[in-house]
Enquirer: 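One structure coming up, written as structure tokens, with questions to follow.
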Amino acid sequence: MWKSAEEKLAREIFRQSKASTDGEAIKDVRENSKKATKVRIEVPWGHIAGKWWGPKDARPILCLHGWQDNIGTFDTLIPLLPQEFGYLAIDFPGHGFSSPYPPGMSYSAYDYIWLIYRIQEIYEWKKVSILAHSLGAILSFVYSGLFPEKVEFVIAMDALKPKIMPDIVDYIKTMLTGVALEDERNLIPKEPPSYNFDALVDRLYIGTYKSISKDYGPYILSRNVRKSTKYPDKYYFNRDGRLKYLMHLLISQESCLILARRIDFPYMYIRADQSIVKFWEEEKYLLEVIEEMKKCNPHFVMHQVPGRHHVHLTHPTTISGILSDFIRKNCQANKEKRAKIKSKL
């Protein structure tokens with residue numbers, strides 16, 4: 001039942017969309033995205049929801065989204081990537097259609113790093129290949145530095161490293177008091193504020209600093225809202241309010257440099273020239289890590305592309321060629337493995 005309800009809502013959201021950008025091309029992408037297989041991964045607190053594109057007979061590329069987004073962020077990009085490879089995109093806990101944490105718990109980026117480890121163990125992958133955006137990219141950087149022997153390659157879209165926070169004490173206080181308030185609100189059986197479709201799109205557009213243009217908002221909203229039970233033409237955001245106070249990674253710049261030195265496999269960083277990420281921290285911290293990775297890893301490459309933080313969603317053709325070349329070059333071992341599996345069938 002949960003599947004049909006989600007699909008019905010997604011169809012309704014897209015029917016209301018007036019998306020016209022890219023004309024027939026975007027329609028083709030939508031049709032291709034429907035070819036993905038829904039995935040439900042059981043975990044102790046519930047389940048992780050996901051979608052799997054492409055072949056199932058070999059290890060896929062694991063796709064990780066950004067903070068308060070969901071796997072809809074990959075719907076326009078993945079159909080443009082090499083179809084001889086598989087892609088498994090997952091909603092982080094509390095996001096999209098994945099289970100939230102139980103009451104009384106808080107969200108932490110450290111838990112999400114452990115989730116990468118858990119997924120790799122569940123599927124028994126000796127190595128993992130990662131395509132990630134924003135928070136997902138930051139988590140991938142830390143995971144790669146901690147377990148370089150477990151990673152084949154990483155594609156990091158518009159984020160690279162954890163933010164250096166000058167005032168950690170006030171940050172922790174704000175996070176703890178905020179999550180306590182949201183946890184109490186979750187226990188109240190009251191529907192959150194609801195909005196009509198146009199207002200939903202506007203809120204997402206403004207909330208992402210105009211990164212998710214209005215034509216592409218439905219890709220995120222289709223996994224991010226629920227139908228109001230009070231007003232037939234309105235919706236409310238179903239994200240767990242505790243996510244607003246997710247505890248981000250509190251790592252020093254020296255630790256970031258140590259992690260960077262440990263990464264010795266193909267790693268591509270794509271930076272959008274109009275991204276808000278450049279305002280997250282002083283530029284020098286990012287540049288230091290980039291220089292360290294260039295110096296220590298001959299497989300590190302960086303591209304700057306025109307666009308905003310969600311360029312992979314709103315203008316996927318801007319980066320799909322770069323990504324496709326990188327994937328084909330660095331997935332040869334996986335391709336050979338699949339050939340061996342097929343020969344035994």
Side-chain angles (χ1 to χ4, degrees), residues 17-23 25-26 29 63-81 89 95 109 130-141 154-166 198 200-221 224 244 246 248-249 256 267-291 293-294 300-326:
S17 171
K18 298 180 177 64
S20 59
T21 303
D22 293 340
I26 194 63
V29 167
C63 305
L64 306 174
H65 64 77
W67 180 36
Q68 300 195 70
D69 283 351
N70 55 62
I71 60 175
T73 196
F74 298 110
D75 277 358
T76 63
L77 175 63
I78 290 178
L80 303 178
L81 300 181
H95 295 75
I130 301 176
L131 168 63
H133 173 245
S134 197
L135 173 64
I138 295 170
L139 300 173
S140 301
F141 172 81
V154 169
I155 298 172
M157 298 187 294
D158 209 40
L160 181 64
K161 57 174 289 295
K163 174 183 176 181
I164 302 303
M165 300 182 186
D198 289 338
L200 277 180
V201 173
D202 285 338
R203 292 181 73 86
L204 183 63
Y205 179 58
I206 299 302
T208 58
Y209 299 91
K210 303 181 180 180
S211 177
I212 301 180
S213 61
K214 297 179 181 180
D215 286 343
Y216 292 86
Y219 286 99
I220 300 297
L221 294 173
N224 216 13
K244 292 185 291 186
L246 178 141
H248 289 276
L249 299 168
C256 286
Y267 206 108
M268 182 164 70
Y269 169 43
I270 295 179
R271 189 181 190 191
D273 63 359
Q274 300 177 57
S275 173
I276 59 170
V277 173
K278 63 179 68 177
F279 303 113
W280 284 1
E281 63 178 355
E282 290 187 52
E283 182 83 352
K284 65 178 183 179
Y285 295 124
L286 174 61
L287 295 179
E288 284 178 0
V289 170
I290 290 173
E291 289 305 311
M293 294 188 77
K294 286 181 178 178
F300 175 78
V301 292
M302 174 181 169
H303 297 278
Q304 181 158 302
V305 300
R308 295 181 181 273
H309 189 47
H310 289 81
V311 63
H312 65 287
L313 170 65
T314 61
H315 298 85
T317 55
T318 300
I319 64 170
S320 59
I322 300 171
L323 268 61
S324 295
D325 291 343
F326 184 90

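What you see is a predicted model, and the numbers here were worked out from it, not measured in a lab. Because only heavy atoms are used, hydrogens play no part in the values below, and waters and symmetry mates are left out as well, while side chains stay in.
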Enquirer: Return the CD1 to OG distance between Ile78 and Ser320, rounded to the nearest 0.5 Å.
Expert: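 One gets 12.5 Å once the value is rounded to the nearest 0.5 Å.
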Enquirer: Under a 4.5 Å cut-off applied to non-hydrogen side-chain atoms, are Thr314 and Arg308 in contact?
Expert: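 No, too far: nothing below the 4.5 Å cut-off.
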Enquirer: Sequence neighbours left out, what passes side-chain contact (heavy atoms from CB on, under 4.5 Å) with Glu291? Give chain and number order.
Expert: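 Once residues adjacent in sequence are excluded, the partners of Glu291 under the side-chain contact (heavy atoms from CB on, under 4.5 Å) criterion are Lys294.
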Enquirer: What are the two closest non-hydrogen atoms of Ala109 and Leu246, and how far apart are they?
Expert: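 Minimum heavy-atom contact is N-CD2, 3.9 Å.
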Enquirer: Going by the rule side chain to side chain donor-acceptor pair (under 3.5 Å), which residues pair with Thr208 if we only count those two or more places apart in sequence or in a different chain?
Expert: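 Thr208: no side chain to side chain donor-acceptor pair (under 3.5 Å) contacts found.
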Enquirer: Considering residues at least two apart in sequence or located in another chain, which fulfil the ring pair (Phe, Tyr, Trp, His ring centres under 6.0 Å) criterion with Phe326?
Expert: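 Ring pair (Phe, Tyr, Trp, His ring centres under 6.0 Å) check on Phe326 returns Phe153.
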Enquirer: Are any non-hydrogen side-chain atoms of Tyr269 and Val289 less than 4.5 angstrom apart?
Expert: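 Not in contact.
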Enquirer: Kindly compute the distance separating CD1 (Ile270) from CG (Leu160), expressed to the nearest 0.5 Å.
Expert: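 Ile270 CD1 to Leu160 CG: 12.0 Å, rounded to 0.5 Å.
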Enquirer: Would you find a donor on one side and an acceptor on the other, under 3.5 Å apart, between the side chain of Thr76 and the backbone of Leu313?
Expert: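 Side chain of Thr76 to backbone of Leu313, a donor-acceptor pair under 3.5 Å: yes, one is there.
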Enquirer: From Ile290 CD1 over to Met302 CE, what is the distance, rounded to the nearest 0.5 angstrom?
Expert: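 Here the rounded value is 4.0 Å.
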Enquirer: Going by the rule side-chain contact (heavy atoms from CB on, under 4.5 Å), which residues pair with Ser134 if we only count those two or more places apart in sequence or in a different chain?
Expert: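 With sequence neighbours excluded, Ser134 shows a side-chain contact (heavy atoms from CB on, under 4.5 Å) to Trp280, His309, given in chain and number order.
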Enquirer: Show me the pairs that pass salt bridge (charged side-chain N to carboxylate O under 4.0 Å, His left out) and involve residues 267-277, at least two apart or across chains.
Expert: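 Sorted result for residues 267-277: Arg271-Glu283.
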Enquirer: Working to the nearest 0.5 angstrom, can you tell me the gap between Leu204 CG and Lys210 NZ?
Expert: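 Here the interatomic distance stands at 14.0 Å.
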Enquirer: So, applying side chain to side chain contact (heavy atoms under 4.5 Å, CB included) with Met268, which one of Val154, Asp325, Ile322 is it?
Expert: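 Exactly one candidate clears the test, Ile322.
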Enquirer: Between Tyr267 and Phe300, what is the ring plane arrangement, given parallel below 30°, perpendicular above 60°, and tilted in between?
Expert: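 Judged by the thresholds at 30° and 60°, the geometry between Tyr267 and Phe300 is tilted.
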Enquirer: Do you know the tightest heavy-atom contact between Cys256 and Pro162?
Expert: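 Answer, listing the atom of Cys256 first, then Pro162: SG-CD, 3.8 Å.
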Enquirer: So does Lys163 get a backbone contact from the side chain of Glu281, meaning a donor-acceptor N/O pair under 3.5 Å?
Expert: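 No, because the side chain of Glu281 does not come within donor-acceptor range (under 3.5 Å) of the backbone of Lys163.
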Enquirer: Does Lys244 have any salt bridge (charged side-chain N to carboxylate O under 4.0 Å, His left out) partners at least two apart in sequence or in another chain, and if so, which?
Expert: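 Result, salt bridge (charged side-chain N to carboxylate O under 4.0 Å, His left out) vs Lys244: Glu182.
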Enquirer: Does Ala132 have any side-chain contact (heavy atoms from CB on, under 4.5 Å) partners at least two apart in sequence or in another chain, and if so, which?
Expert: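 Listed in chain order: Leu64, Ile130, Ala137, Ser140.
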Enquirer: By side chain to side chain donor-acceptor pair (under 3.5 Å), which residues pair with Gln68, not counting sequence neighbours?
Expert: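 For Gln68 there are no side chain to side chain donor-acceptor pair (under 3.5 Å) partners, ignoring immediate neighbours.
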Enquirer: Who passes side chain to side chain donor-acceptor pair (under 3.5 Å) against Ser211, sequence neighbours left out?
Expert: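 Side chain to side chain donor-acceptor pair (under 3.5 Å) check on Ser211 returns His310.
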Enquirer: Provide the closest heavy-atom pair for Thr73 versus His312 in the form atom of the first, atom of the second, distance.
Expert: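 Minimum heavy-atom contact is OG1-NE2, 2.6 Å.
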Enquirer: Working to the nearest 0.5 angstrom, can you tell me the gap between Met165 CE and Leu249 CG?
Expert: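 Between Met165 CE and Leu249 CG, I get 8.0 Å after rounding to 0.5 Å.
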Enquirer: Return the set of residues passing side chain to side chain donor-acceptor pair (under 3.5 Å) with Gln274 (not counting sequence neighbours), or none when no residue passes.
Expert: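 By the side chain to side chain donor-acceptor pair (under 3.5 Å) rule, Gln274 matches no residue at all.
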Enquirer: Grab the two heavy atoms, one from Tyr219 and one from Asn70, that are nearest each other, plus how far apart they are.
Expert: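 That would be O-OD1, 3.9 Å.
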Enquirer: Quick one: closest heavy-atom pair of Ile212 and Tyr205, and the distance?
Expert: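 Shortest heavy-atom separation between Ile212 and Tyr205 comes out as O-CD1, 3.2 Å.
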Enquirer: Report yes if the side chains of Ile319 and Leu77 come closer than 4.5 Å at any heavy-atom pair, otherwise no.
Expert: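 A side-chain contact exists here, since the closest heavy-atom pair is under 4.5 Å.
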Enquirer: So do the side chains of Leu131 and Leu81 get within less than 4.5 Å of each other, counting heavy atoms only?
Expert: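 Side-chain contact under 4.5 Å: yes.
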Enquirer: Apply salt bridge (charged side-chain N to carboxylate O under 4.0 Å, His left out) to Asp202 and list each qualifying residue two or more places apart in sequence or on a separate chain.
Expert: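 Here the qualifying residues are Lys214.
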Enquirer: So Phe74 and Met157, do their side chains get closer than 4.5 Å, heavy atoms only?
Expert: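 Result yes, sub-4.5 Å side-chain heavy-atom pair found.
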Enquirer: With sequence neighbours left out, write down each residue that passes side-chain contact (heavy atoms from CB on, under 4.5 Å) with Thr318, or none if nothing qualifies.
Expert: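 Residues passing side-chain contact (heavy atoms from CB on, under 4.5 Å) with Thr318: Val305, Pro306, Val311, His315.
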